[in-house]
There are 2 protein chains.
Amino acid sequence: MPSRDIAAKELAKAFSVLSHPDRVRIIEELGSGEKDVNSLRAVLGVSHSRTSQNLAVLRTNRLVTERRDGRHVFYRLSQPELAGWILEGLRFIEGDLQASEARLSAFEEARQKWSGEPASELLVTNRD
Amino acid sequence: MPSRDIAAKELAKAFSVLSHPDRVRIIEELGSGEKDVNSLRAVLGVSHSRTSQNLAVLRTNRLVTERRDGRHVFYRLSQPELAGWILEGLRFIEGDLQASEARLSAFEEARQKWSGEPASELLVTNRD
DNA sequence: CAATCAGATGCAAATATATGCATATATGAA
DNA sequence: TTCATATATGCATATATTTGCATCTGATTG
């Protein structure tokens with residue numbers, strides 16, 4: 001398989017990991033520091049199984065890493081720079097300026113949340 | 001539905017537009033200037049229907065714009081920087097190692113082929 | 001110190017839904 | 001009519017969601 005096919009396939013796969021609302025939200029939440037499965041579940045307001053399975057997708061694709069502490073499993077972003085890259089891309093993805101209102105405001109909201117302070121927790125504690 | 005949910009959904013949908021190998025390839029090919037449907041079809045080596053349908057997805061989401069010239073329809077990126085941005089994303093895929101040797105060199109090769117000069121055509125001609 | 005129990009999470013099978021693709025058909029320009 | 005492209009339809013595959021069960025860990029009880 002030609003190199004460009006391989007690269008395109010990998011890129012597409014990477015994007016498909018990001019193309020699920022729950023996973024987007026998880027990344028968003030983890031942007032401000034590690035969280036355990038149950039708090040993610042609570043914030044997202046979805047079933048534990050759904051939370052767990054979407055975390056599995058992120059984990060399998062190495063977007064997050066886990067840390068076990070007792071009965072709880074804490075997740076964090078494995079490549080914080082990734083969030084920055086995504087952030088940059090938003091303005092290209094929104095295409096020309098006539099993208100739908102919904103999408104534009106969604107991007108705006110994401111920009112604000114994602115560019116926020118990078119996890120006080122990550123900087124200070126990191127106790128394990 | 002809370003605005004965060006809406007936002008996450010929009011973001012996810014935006015990413016899903018990029019989560020198909022053909023569409024990634026189209027974007028990268030258009031990175032070096034506008035092309036008509038049939039040359040895209042030829043480069044990708046897929047059916048015309050498939051080409052057209054994936055172009056439709058990109059068009060609907062305003063990532064590309066069309067220009068008709070006689071019987072031919074030329075496509076170009078709405079935001080030319082999009083191609084380069086996606087290409088940068090390769091490094092995150094490489095980043096989470098376990099990427100095989102073969103894959104790494106495929107990435108390298110793809111990078112070279114895709115990072116060609118950014119469309120002299122866009123700068124000069126634009127004849128229509 | 002077992003033995004047991006409950007909380008937190010993972011995993012699997014079944015079903016629902018979405019997406020991709022090829023074939024066929026339609027449009028629009030020369 | 002023919003060429004270039006677009007769209008519709010139906011089927012196959014993939015992805016998501018729920019339900020139920022398994023596992024692991026820490027706490028409790030006897």
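In what follows, chains are A, B, ... by sequence order, proteins preceding strands, each numbered from 1.
dT25(D) atom P lies 15 Å from atom CZ of Phe74(A), rounded to whole Å. Counting to the nearest Å, the P atom of dA6(C) and the CG atom of Asn38(A) are 18 Å from each other. Nucleotide dA6(D) holds its P atom 12 Å from the CG atom of Asn54(B), rounded to whole Å. The NE2-C1' distance, from His20(B) to dT15(D), rounds to 14 Å in whole Å. Between the C1' atom of dA22(C) and the CG atom of Leu44(B) lies a distance of 17 Å, rounded to the nearest Å. Leu40(B) places its CG atom 15 Å from the C1' atom of dA6(D), with the value rounded to the nearest Å. The separation between Arg68(A) atom CZ and dT23(D) atom P is 14 Å, rounded to whole Å. Atom CZ of Arg67(A) and atom C1' of dA8(C) are 15 Å apart (whole Å).
Taking only distance into account, the side chain of Glu66(B) never meets the base of dA6(D) through a donor-acceptor pair shorter than 3.5 Å.
Contact annotation: His72(A) does not reach the phosphate of dG7(C) (side-chain N/O to OP1 or OP2, under 4.0 Å). For dT15(D), the OP1/OP2 oxygens have no side-chain nitrogen or oxygen of Arg50(A) closer than 4.0 Å. Residue Tyr75(A) places at least one side-chain N or O closer than 4.0 Å to OP1 or OP2 of dG10(C). Considering only side-chain N and O atoms, Arg71(A) lies nowhere under 4.0 angstrom from the phosphate OP1 or OP2 of dT23(D).
Here His48(A) lies parallel enough and close enough to stack on the base of dT9(C), with planes under 30° and ring centres under 5.5 Å apart.
Ser49(B) comes within 4.0 angstrom of a base, heavy atoms only. Arg41(A) comes within 4.0 angstrom of nothing in the nucleic acid, heavy atoms only.
Nearest nucleotide to the Asp22(B) side chain, out of dA22(C), dT7(D), dC21(C): dC21(C). Nearest nucleotide to the side chain of Gln53(B), out of dA8(D), dA6(D), dG20(C): dA8(D).
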Exercise for review: In sequence, state the C-alpha distance, the side-chain angles, and the governing distance for Glu10(A) and Arg103(B), and then conclude on salt bridge (charged side-chain N to carboxylate O under 4.0 Å, His left out).
Suggested key: CA-CA 9 Å; Glu10(A) 288 294 327; Arg103(B) 196 141 307 210; 2.2 Å; yes
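Ring planes of Phe15(A) and Phe15(B): parallel class, angle under 30° (limits at 30 and 60°).
The shortest non-hydrogen separation linking Leu63(B) to Ile93(A) is CD1-O, 3.4 Å. The heavy-atom pair separating Ala110(B) from Ala7(A) by the smallest distance is CB-CB, 3.5 Å. Scanning both residues, Phe74(A) and Asp36(A), for their nearest heavy atoms gives CD2-N, 3.6 Å.
Checking Gly70(A) against Ser47(A), the closest nucleotide of DNA chain D that is more toward the 5' end is the one next to Ser47(A).
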